[in-house]
Every structure is written in structure tokens, then in C-alpha cells.
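Bear in mind that the values here come from a model prediction, so they are computed numbers and not experimental data. Numbers restart at 1 for each chain; the letters A, B, ... are given by sequence-line order, proteins then strands.
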2 protein chains.
Amino acid sequence: MPEEQIYDIAVVGCGPAGLSAALNGQIRRKKVIILGSEFCSPKLHSSPKVDNYLGFGDITGEELRQKFLKHIESVGLSINRARVTGIYPGESGFTLQSQDVSYRARTVVLATGVSTVKPIDNEIELLGRGVSYCATCDGPLFEGKRVAVLAYNQEALDEANFLSEIAAEVTVIPLLKEENETNEVIQNPKIKVIEDVPKAITGENWATGVALEKQQLEVDGIFVIRDAILPDQLVSGLEVAPDGIKVNRDLATNIEGIFAAGDCTGQPYQLSKAVGEGQVAALNAVKYVDTKHGAS
Amino acid sequence: MPEEQIYDIAVVGCGPAGLSAALNGQIRRKKVIILGSEFCSPKLHSSPKVDNYLGFGDITGEELRQKFLKHIESVGLSINRARVTGIYPGESGFTLQSQDVSYRARTVVLATGVSTVKPIDNEIELLGRGVSYCATCDGPLFEGKRVAVLAYNQEALDEANFLSEIAAEVTVIPLLKEENETNEVIQNPKIKVIEDVPKAITGENWATGVALEKQQLEVDGIFVIRDAILPDQLVSGLEVAPDGIKVNRDLATNIEGIFAAGDCTGQPYQLSKAVGEGQVAALNAVKYVDTKHGAS
């Protein structure tokens, strides 16, 4: 069920950069939506002490995180729990696809943080050609077929359950860190679980299987479900340097209307830098909306 | 009396960008000096409300300014009241010249804010050729000669008094906003006061006078004493765009070892941007010191 509302600014991510971007967009009276993960900024949460964010001497990361969330709430913003799997340009802005809802926005601020994710061999090359990041979006393409789910998080197991209603055969390779999280999948009789480590997606122009450490798995489609999606996989054609998304001093990316802020734009991975970039990205997004669509 | 101590980082300016830079340099265990003006951030002081600095919802500018200063003190930093009039590269870093003390530092972070100062005609062209920003530095060159002082602040009047001990003739053109501040000068019998508005410095290759609105003043030297000095007048050869000092994503300027942060690097003139840039500039200055001079 796609939403028809058009936001001025969609902020992807709810760490310090994302929250600062949303705050500044909202204060400038733009219609802002935050698309965030289950938990905003695990990195901040786990910092025992933050001493270099000007104005707060000697505070724990968690205390600061609470202040950030409270500040966001105080201006009337809330965080929509949504894992964005793809961002697509359209006539009047962008469509942001998440698991089961799509959002429309005139501009996007990417604040996805640092991703330590390394795609497996051939994953990027075959993305959209048998490899997908979103079961809800692409599941129906595999009706009656065999699919594999590379399950890096809990949500992947829900996705596997969903796929089991469509596909003829679902094989889950659980790659979660917590062993006990896999129980739910194992109890579904339509899902086969293989404990192994994926090395590569196989196939020339279309994915035909997964090369696991101990065996070769032949399937028609592969769903890779992780918390983090690399920015250039999120947005087709986005320029990315080894250190992060390429941005200019306005925090504009190479794609008109898409800005980026925080750790995802490269080092230093620091709080003040993230908050400052979130602000600059938002203000330039505001300017872009006003120029392109008329001041509101 | 020049100081012989060499600092790792000299921060010029004590607004949010400068304080954030100093804080981050200090936390990284570098020897930091802040060269600030009489009053740190009049702009923040006069903001009735700041609502877009993440973590502090609904706070006055003055409250935030106090928190910033307290944070700086809590890490053992203090602000040296010094108006830097010139920065000169040398063998092992830079010399920063202020009214009566010079400082040495391996790197410099410029955080001088937005300057609304407009130099008068020919001022920049003849700077160092009869035009000076520092009486203590250049006064002795004009022994027994005629000098004019364009006095934009209270300090300029002290400079005029000092010059009256060296020069044969001192003419002050008071350009202060507060009328009563000029009293002290008028009481000095060696100083002549002309109430007029300077339009241009005259002279071809060397300053020979000041074109005032109502008359022409012939002198051998002209001292222009303002609170703000434009960055490219502070540092010879510094690249400046119409909007501010040219910096890259590392906040490095075109001069190796000199970084810039905050309003002086251009729009948006915003607090979070300034604090973030201060951090990035400082961390890159730290990196530069470690690479160039060995980690401390």
C-alpha cells in the first residue's frame, strides 16, 4: 500500500546526522519524514563517554542519544521504522521503497552511517538480476520458484516466512550473530535451513545459485537481507569514493536532489561533523525544494 | 616580547567553530592556543533562541554560549585576548602577530567568523606599503613622520596614543559607533582629530594620503584599526571565494598547515555547521602535525 503523500525531505537514517537534518528541515517548515532503523544510533548508545560535542562536557553516549531523540520529538517529528531498500528518481522527486511501504519525497538526505558490510562476490553485479534486497518488493517475481535467503538479521527470517508462501522452495542460510534467533525459521516446515557460509553468487547474466563454503546451492533467486545497504546499492548511479559517498561543500551528491551527511560521506567518523553536515545537507535540500518547486 | 613556545594548533577566533576546534585539538592531546577577541561570539550572545543545535531544544544563545565556554574551561583551555593582525609562514610553522605579542604554531585554524568589513578603496593594494593594521608592529617605521589612524574601535585610540610617542604628527579619524569613546584621544595634545569619512587611500605604489569626504589628508603612513581583518589580509596568498575562505572537504585552505572553519568558510552561517567544521579542521590539523612533525 504505497503512500501518496509527498514529503519535501526524506531523511534516510536516524543517527546524529539524520536527526540534525530532520530537525533543520522541520524548523524551516518543510514536510520531513525520517526513515530510520529499529534503534537509532547503536554507536552513540554504546559510547561510555562523549567529551567533544561542544556544550556537553562529560556525558555518556546514551544520555546524549536520549537528548537528541527528545529534541526531535519536541519539534513534532517521529521516526518511522523502515528499512529503505531502494531509492528511485521520478518526475516530481523520488520514490523510497521499504519492505512494505513506499514513500515519495522531493529531496533525500542520506544519513546511513558507516557500513562495514562487504558484499559477497558477484552480489553487486547481479543485483536486480536474480539478486534482491527486498522480499516484499521482488518476492512475487519468484512464484513457484526456488529462492535462497542470506539472512543477516532477524527481519530476514520474517522475509523468509513471507517468501515461503510464494516460492516453491525457500532455503535460508542464517548468518545472524545470535544463534537462538534462528528458531522461528526452523519451525517453518516449508523452509530448509543450511548452516554454511556464502562465498559468491553464481551465474553469468542472471543469478543461478550461491557458492557456499561446503556446497553449491542452485536457485532461481537470492534475497540478501542485511541491516545496512551500501549507498550505491540504494541509489543507482550514486558516486561513491572508497571513503564514502562523494559530496561537495553543499553536501550535494552527484544526483540532483539527493544530499548526504554524516559518517556515510567519509571520515572523520565524529559526532559534531555528523550534526553539522546534517544541518548543511538539510538547508541545501530546503533551498533545492524552494527553487525547484516554489517556496512553501 | 615574542613568546618562544611553539603550539601545535593556534585557533584564531573564539566563536563556536573556534571553540570546537580548540576542544577537539586539546582532547587529542595537542598543545592548543585560542586567540580570541574581547567577547566570544556576540552573535550567539544576542540570539534570543537557538532551536536547531541538536541536543539543546529551546535554549537562549547566551545560555548556550555559557555552556560552550564552560566546556572549554573544563578541558583546561582558556582564551587569550589577542587581535591577530598577520600570520606568516616560517620554517617550522607559522608566526601569528598580535598587537604586542607574537605566537608560534605548527598549524593554524582560522575561525574568524563572517566579516562585514569592506576595505576602503586602495586599502588592500597598498597594505604593507604605507598602510598597516598594527601600530605596535609597524609604528617604528614612521618615526618623525606624519601618520593617520582610521579608528574603527576603542583599541585604535590606544594605538594612536602609542603612535603619538613616535610619529611627528598623528591624525585620528574616529569611526567608532559610540561617540563618547573618542574622549581619550581628544585629550591628547599631540593628536589631531578630524571628523570625516574616509573614501580611499591615495598614492600609486606607496600610500601618500587619505581621501576623506570633505578634504584630502596628506600623510606618510595610514593605520587602519578594526576588530575584524579579512582573512586574505591576515594571511598573504590565502585563496578566498566571494562567499568565504576556499576550503576542501578536510577544511584545508590552499596554504599547507592552515585550516578554516565556521562562518569564514561561507554559508550557511549556522551553529551546527560551525561546530562540525571546527571539529573536522582540528582533526585534520592534528593529522598534519603528526605527519609533519611526528606524533606526540
Atom pair CG (A/N52) and CD1 (B/I27), whose distance is rounded to the nearest 0.5 Å | 5.0 Å

Of the listed A/P16, A/S272, A/G276, A/G266, the one with the largest count of heavy-atom pairs under 4.5 Å with chain B is A/S272

Segment of A/Q270 engaging chain B (4.5 angstrom heavy-atom cut-off) = both

Check whether B/L251 gets within reach of chain A through its side chain, its backbone, both or neither, counting any heavy atom under 4.5 Å.
-> side chain

Please flag which part of A/L271 lies under 4.5 Å from any non-hydrogen atom of chain B: side chain, backbone, both or neither.
-> backbone

Got a second to check how far A/S20's OG is from B/K273's NZ, nearest 0.5 Å?
-> 13.5 Å

Check: A/L54 and B/Y53 side chains under 4.5 Å, non-hydrogen atoms = yes

For residues A/R249 and B/N248, report the shortest heavy-atom separation together with the two atoms involved.
-> CD-O, 4.1 Å

Do you know which of A/A274, A/G55, A/G57, A/S74 has the most heavy-atom pairs with chain B at a distance under 4.5 angstrom?
-> A/G55

Which of the residues A/L64, A/I72, A/V275 is involved in the greatest number of heavy-atom pairs with chain B at under 4.5 angstrom?
-> A/V275

Spell out, as yes or no, whether a donor-acceptor pair under 3.5 Å connects the side chain of B/H71 to the backbone of A/D51.
-> yes

For A/Q26, is it the side chain, the backbone, both, or neither that has a heavy atom closer than 4.5 Å to a heavy atom of chain B?
-> neither

Side chain from CB out, backbone as N, CA, C, O: work out which of these in A/L283 comes under 4.5 Å of a heavy atom of chain B, or both, or neither.
-> side chain

Answer whether the closest heavy-atom distance between the side chains of B/P268 and A/V280 falls below 4.5 Å.
-> yes

So which of A/K287, A/Q66, A/K67 has the largest heavy-atom pair count under 4.5 angstrom toward chain B?
-> A/K67

Are more than 12 heavy atoms from other residues, nucleotides or ligands located less than 6.0 Å from atom NZ of A/K43?
-> yes

Using non-hydrogen atoms and a 4.5 Å limit, figure out which bit of A/D250 sits close to chain B: side chain, backbone, both or neither.
-> neither

With a 4.5 angstrom heavy-atom cut-off, could you sort out which part of A/V75 is near chain B: side chain, backbone, both or neither?
-> neither

